[in-house]
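Remarks on the structure that follows.
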Amino acid sequence: MSTARVAIVTGGAQGIGEAIALRLADDGVDVVVSDIPGKEEQLATVVKQIELKGRRSLFVTANVSVEADIKGLVDKTVEAFGGLDIMIANAGITLFKPFLDTTPEDWDKMFATNTTGVMLSYKYAALQMIKQGRGGRIIGIFAMSAYSASKFAVRGLTQAVGETQFDSEVEPLFMVGNIAQELRPHKITVNCYAPGFILTPMLAHPDDDKFGGLGSVAKMAAKMPDDLEGAKPSVVAELVAYFTKPEAYFVTGQTINVDGGLMFD
Ligand SMILES: NC(=O)c1ccc[n+]([C@@H]2O[C@H](COP(=O)([O-])OP(=O)(O)OC[C@H]3O[C@@H](n4cnc5c(N)ncnc54)[C@H](O)[C@@H]3O)[C@@H](O)[C@H]2O)c1
C-alpha cells in the first residue's frame with residue numbers, strides 16, 4: 001500500500017489550482033484534481049502531468065457549492081487512494097462588474113462558490129481527517145471579492161454562536177483562526193492564501209492585447225500601481241506547498257497575502 005500523502009485540489013483544472021496540484025506532486029503527494037463539469041479535458045491533462053511525475057492522480061468533477069458533490073469528492077478520493085491528508089479549497093470565481101450593475105443572482109453565485117464552497121470543502125475534509133486520526137492540512141483561498149460582505153456575515157455567525165467557543169474579534173472569512181483552534185486537537189492545521197494579480201485565465205479580458213497583455217485590463221480596473229507586475233501561479237503554489245509540509249505543523253490560523261504588496265494586513 002502507498003504511504004504517500006493524498007491531496008484534493010478544487011478548481012484544479014487551470015490557473016493557481018493546477019500549479020498547486022503539480023507542485024504538490026513534486027513533493028511526492030498523490031493528487032485528486034477537481035473542477036466543475038465541462039472541464040474534463042483540462043483535468044485529464046493535469047492528471048497526466050501528475051502521473052508523469054510518478055504520482056497517482058485522478059480527476060473528479062464537482063461543484064464546490066453543492067454539498068453532495070463535495071461529500072462525493074472526498075468519498076471517491078478515500079476509495080481510490082485510501083485517505084485524505086491535504087485539502088486545497090481553491091475553487092473560486094470573480095465578478096468583473098461595477099457594483100451598481102451587480103444582481104442578486106451574481107451575488108448569490110459568488111457567495112455559493114467562494115464562501116459556501118470553501119466551508120463545505122473544509123468541513124468534509126476535516127470530518128475525514130478526524131476519522132483517520134493522523135492529522136492533516138486544510139488550506140483555503142481567501143477570495144478578496146467577497147471580503148467585506150463575508151467578514152460581516154462571519155461576524156454575525158460568530159456572535160450568534162456565542163463567545164464561549166469563539167473570541168469576539170474574528171479573522172475574516174470563516175474565522176480561519178477559530179477553525180484552526182477547533183481542529184488543533186486533531187493535529188489539523190488550517191491556513192489561507194490570499195492571491196492578488198496572479199496571471200491566470202481569471203484575469204483574462206478581451207482587450208488585454210491592447211493594453212499590454214494578460215491582466216492589463218484587470219490591473220487598470222482595480223487601479224493597481226503601474227509598477228506592479230503580475231506573478232505566475234507557481235509563486236502561490238510554493239507558499240501552499242510549505243503549508244502542507246509536516247514541518248509546518250506549528251503554522252495554523254494564518255492568512256498570507258501573495259500579491260506583491262498590494263495589501264498589508
Ligand atoms: N488570479 C488572481 O489574481 C486571484 C486573485 C484573488 C483571488 N483569486 C482566487 O484564486 C483561486 C484560483 O483562481 P485562478 O486565478 O486560478 O482562477 P481561474 O479562473 O483560472 O481558476 C479557477 C478554477 O475554479 C473553478 N471553479 C469555479 N467555480 C467552481 C465551482 N463552483 N466548483 C468547482 N470549481 C469551480 C473554475 O472552473 C476554474 O477552473 C480562485 O478562488 C480565485 O478567486 C485569484
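Every number for a ligand or one of its atoms is a count from 1 in the order of the listing.
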* To do: Could you tell me which atoms of ligand 1, counted from 1 in the order shown, lie closer than 4.0 angstrom to a heavy atom of Lys39?
  => 36 (C), 37 (O), 38 (C), 39 (O)
* Asked: Hey, which atoms in ligand 1 end up nearer than 4.0 Å to a heavy atom of Asn90?
  -> 11 (C), 12 (C), 40 (C), 41 (O)
* When hydrophobic residues are tied together by side-chain contacts of less than 4.5 Å, even through go-betweens, does Leu58 share a cluster with Leu43? -> yes
* To do: Closest by any non-hydrogen atom to atom 30 (C) of ligand 1: pick that one out of Val118, Ile36, Asp259, Asn257.
  => Ile36
* To do: Can you figure out which of Ile198, Val33, Ile93 has its heavy atom closest to atom 2 (C) of ligand 1?
  => Ile198
* To do: Could you list which atoms of ligand 1 come closer than 4.0 Å to a heavy atom of Ala62?
  => 32 (N), 33 (C)
* Establish, from distance only, whether the side-chain atoms of Asn90 and Tyr193 form a donor-acceptor pair under 3.5 Å. => yes
* Would Tyr124 and Glu67 count as having a side-chain donor-acceptor pair, cut-off 3.5 Å? -> yes
* Structure fact -> Applied to residues 98-122, the salt bridge (Lys or Arg N to Asp or Glu O under 4.0 Å) test, sequence neighbours excluded, yields Lys97-Asp106
* Between the candidates Met202, Lys109, Gln42, which shows the shortest non-hydrogen contact distance to atom 17 (O) of ligand 1? -> Met202
* Less than 3.5 Å between some nitrogen or oxygen of Phe197 and one of ligand 1, yes or no? -> yes
* N/O of Ile141 under 3.5 Å from N/O of ligand 1, yes or no? -> no
* Looking only at heavy atoms of Thr94, does any of them come nearer than 4.0 Å to an atom of ligand 1? -> no
* Any salt bridge (Lys or Arg N to Asp or Glu O under 4.0 Å) involving residues 208-231? Give me the pairs, sequence neighbours left out, ordered by first then second residue. => Asp207-Lys210
* Report, in ascending order of atom number, the atoms of ligand 1 lying under 4.0 Å from any heavy atom of Pro201. => 20 (O)
* To do: State if Ala112 counts as touching ligand 1 under the rule of any non-hydrogen atom under 4.0 Å.
  => no
* **Shared hydrophobic cluster for Val251 and Ile141 (ILVMFWY, side-chain gaps under 4.5 Å)** => yes
* For side chain to side chain contact (heavy atoms under 4.5 Å, CB included), just list the numbers for Leu120 and Val64, CA-CA rounded to whole Å, side-chain angles, deciding distance to a tenth of an Å, and then say yes or no. => CA-CA 7 Å; Leu120 291 173; Val64 291; over 6 Å; no
* Is there at least one pair of N or O atoms, one from Ile16 and one from ligand 1, spaced under 3.5 Å apart? -> yes
* To do: Mind checking the CZ-CG spacing from Phe59 to Asp35? Nearest 0.5 Å is all I need.
  => 10.5 Å
* Asked: Salt bridge between Arg134 and Asp85, side-chain N to carboxylate O under 4.0 Å?
  -> yes
* **Thr10 near ligand 1 by a heavy-atom separation under 4.0 Å** => no
* If you round to the nearest 0.5 Å, how far is OG of Ser121 from CD1 of Ile88? -> 10.5 Å
* Asked: From Lys53 NZ over to Asp26 CG, what is the distance, rounded to the nearest 0.5 angstrom?
  -> 3.5 Å
* Structure fact -> Logged contact type for Glu18 with ligand 1, heavy-atom cut-off 4.0 Å, is neither
* Asked: Is Glu51 salt-bridged to Arg56, going by a charged N under 4.0 Å from an acidic O?
  -> no
* Asked: Does ligand 1 have an atom that lies less than 4.0 angstrom from a heavy atom of Gly117?
  -> no
* To do: Any atoms of ligand 1 less than 4.0 Å from a non-hydrogen atom of Gly196? List them with their elements.
  => 3 (O)
* Report yes if some N/O of Ala13 lies less than 3.5 Å from some N/O of ligand 1; otherwise report no. => no
* Heavy-atom contacts under 4.0 Å between Asn63 and ligand 1: side chain, backbone, both, or neither? -> both
* Asked: From Leu84 CG over to Leu127 CG, what is the distance, rounded to the nearest 0.5 angstrom?
  -> 11.0 Å
* Asked: Would Tyr242 and Ile198 show up in the same hydrophobic cluster when neighbours are defined by side-chain heavy atoms closer than 4.5 Å?
  -> yes
* Structure fact -> Logged contact type for Pro233 with ligand 1, heavy-atom cut-off 4.0 Å, is neither
* Can you list the atoms of ligand 1 that are under 4.0 Å from a heavy atom of Gly11? -> 23 (C), 24 (O), 25 (C)
* Asked: Any idea which of Leu262, Val258, Thr200 brings a heavy atom closest to atom 15 (O) of ligand 1?
  -> Thr200
* To do: Consider every N or O of Asn114 and every N or O of ligand 1, then say whether any pair is closer than 3.5 Å.
  => no
* Output yes when the distance from some N or O of ligand 1 to some N or O of Leu203 is under 3.5 Å, and no in every other case. => no
